[in-house]
Amino acid sequence: MKKPELIDTASLSLMLTELRLPTIKCIFEEFGTRADKEGWPAARYLAALAEHELAERERRRITRHLNDARLLPGKTLDGFDFKAVPMISKAQVMALADGSEWLERGSNVLMFGPPGGGKSHLASALGLALVEKGWRVLYARTTDLVQKLQTARRDLMLESALAKLDKYHLLILDDIAYVAKDRSETSVLFELIGARYERRSILVTANQSFGQWDSVFPDPAMTVAAVDRLVHHSVILEMNVESYRRRSAEKKKRPGPGRPPPGATGKDTAE
Ligand code: ADP
Ligand code: MG
């Protein structure tokens with residue numbers, strides 16, 4: 001029987017490179033020494049190597065998907081102060097962050113509220129949680145994405161551009177109401193919404209609720225149809241709070257404990 005030290009580790013390394021098993025290549029010697037010392041059965045050694053290769057592969061995949069998602073840096077669910085938005089349920093948001101149910105059905109999330117209320121933060125943080133769970137997400141300012149799709153349409157590539165977005169289980173369209181009022185712009189948005197309907201999810205944030213969406217889609221019939229598709233299977237989060245930034249700035253100015261923001265109704269929303 002050959003002794004373990006007679007194995008040509010250099011050529012084994014080459015084989016592992018050829019097989020694209022970089023993690024096993026890194027650890028097989030160290031694990032081998034341990035396995036010999038502790039008398040692991042061969043199958044246990046092999047299983048340990050395979051497990052590490054898979055775990056590392058998953059980690060790299062998530063890192064790649066995170067880079068690809070273009071999320072806002074530093075915005076997490078942990079860093080989101082739910083007390084500042086008492087009208088939304090943390091439990092409901094946490095359930096959304098799990099993803100499986102609504103993303104599989106292609107349902108949508110709609111976040112409404114005035115500027116500074118935390119829509120972009122919460123949307124991006126949800127995206128981050130979902131990527132970490134293995135879902136594909138793309139965050140985009142709606143105007144940027146619309147511009148890209150318009151360029152694609154000019155090059156007669158709209159269909160394939162829309163198809164490329166299919167790999168994302170969730171598309172975050174931040175600030176949909178800021179899209180310029182231009183018929184060709186908004187019709188790509190309309191096609192995007194139609195293309196994903198009941199298949200792939202969209203998360204929309206908007207400063208204005210549907211009543212004012214005629215400024216998003218210039219044609220009222222288009223507005224009705226787009227809203228109808230977005231709403232059909234959706235969770236709506238109304239975030240009607242005073243700007244978080246302004247509140248934090250005001251709180252710093254005041255000496256005492258936080259008071260409710262001016263105009264806040266009902267419960268104290270300051271933490
Ligand atoms: P919106 O998109 O609704 O205009 P943002 O998400 O951009 O609001 O929020 C403005 C700033 O305030 C961001 O820096 C965000 O991280 C912060 N912020 C808003 N709401 C909260 C909150 N509830 N908890 C923590 N930070 C918040
Ligand atoms: Mg925003």
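Values below: all heavy atoms of this structure, side chains included; hydrogens, waters and symmetry mates excluded. Just so you know, ligand 1 is whichever comes first in the structure, and atom 1 is the first atom listed for that ligand. This structure is a prediction, so every number in the text was calculated from the model and none was measured.
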Seminar exercise, completed: Under 4.0 Å between heavy atoms, the region of Ala84 that gets near ligand 1 turns out to be side chain

Exercise. Given that the side chain starts at C-beta and the backbone is N, CA, C, O, which of these parts of Tyr244 lies under 4.0 Å from ligand 1, counting heavy atoms, or is it both or neither?
Worked result: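 Answer for Tyr244: side chain.
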
Problem set entry | Min N/O separation Val85 to ligand 1 under 3.5 Å |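 No - when backbone and side-chain N and O of Val85 are compared with those of ligand 1, no distance drops under 3.5 Å.
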
Exercise. Any nitrogen or oxygen of Phe82, main chain or side chain, under 3.5 Å from a nitrogen or oxygen of ligand 1?
Worked result: no

For this session: Taking only Lys NZ, Arg NE, NH1 and NH2, and the carboxylate oxygens of Asp or Glu, determine whether Arg105 and Glu101 approach each other closer than 4.0 Å.
Result: yes

For this session: Answer yes if the ring centres of His52 and Phe31 are under 6.0 angstrom apart, and no otherwise.
Result: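 Yes, ring centres under 6.0 Å apart.
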
For this session: Could you tell me if the ring centre of Phe28 sits under 6.0 Å from that of Tyr45?
Result: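 They do not qualify: ring centres at least 6.0 Å apart.
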
Distance-only donor-acceptor check, side chains [X] and [Y], under 3.5 Å:
X: Asp98; Y: Ser100; answer: yes
X: Thr17; Y: Lys25; answer: yes
X: Asp174; Y: Thr205; answer: yes

For this session: Show which atoms of ligand 1 fall inside a sub-4.0 Å distance from at least one heavy-atom site of Pro115.
Result: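 Within the 4.0 Å cut-off of Pro115, ligand 1 contributes 4 (O).
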
Can you pull out the closest protein heavy atom to [atom]? Residue, atom name and distance to 0.1 Å, please.
atom: atom 24 (N) of ligand 1; value: Asp81 N, 2.8 Å
atom: atom 3 (O) of ligand 1; value: Lys119 NZ, 2.7 Å
atom: atom 8 (O) of ligand 1; value: Gly118 N, 3.0 Å
atom: atom 16 (O) of ligand 1; value: His121 ND1, 2.6 Å
atom: atom 11 (C) of ligand 1; value: Arg245 NH1, 3.7 Å

For this session: Determine, using the 4.5 Å side-chain heavy-atom cutoff (strictly less than), whether Tyr197 and Ile193 are members of one ILVMFWY cluster.
Result: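 Different clusters: Tyr197 never reaches Ile193 through Ile, Leu, Val, Met, Phe, Trp or Tyr contacts under 4.5 Å.
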
For this session: Would you give the length of the straight line joining atom CG of Leu138 to atom CG of Leu203, rounded to the nearest 0.5 angstrom?
Result: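 CG of Leu203 is found 12.0 Å from CG of Leu138.
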
Exercise. Should we say atom CZ of Arg199 is surrounded by more than 12 heavy atoms from elsewhere, each under 6.0 Å from it?
Worked result: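 Yes.
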
Exercise. Out of Met111, Lys75, Lys83, whose heavy atom sits nearest atom 13 (C) of ligand 1?
Worked result: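 Residue with the shortest heavy-atom distance to the ligand atom: Lys75.
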
For this session: Mark the output for Gly116 as yes if a heavy-atom distance to ligand 1 is under 4.0 Å, and as no if none is.
Result: yes

Problem set entry | the Mg ion (ligand 2) to nearest N/O/S of Thr205 less than 2.8 Å | no

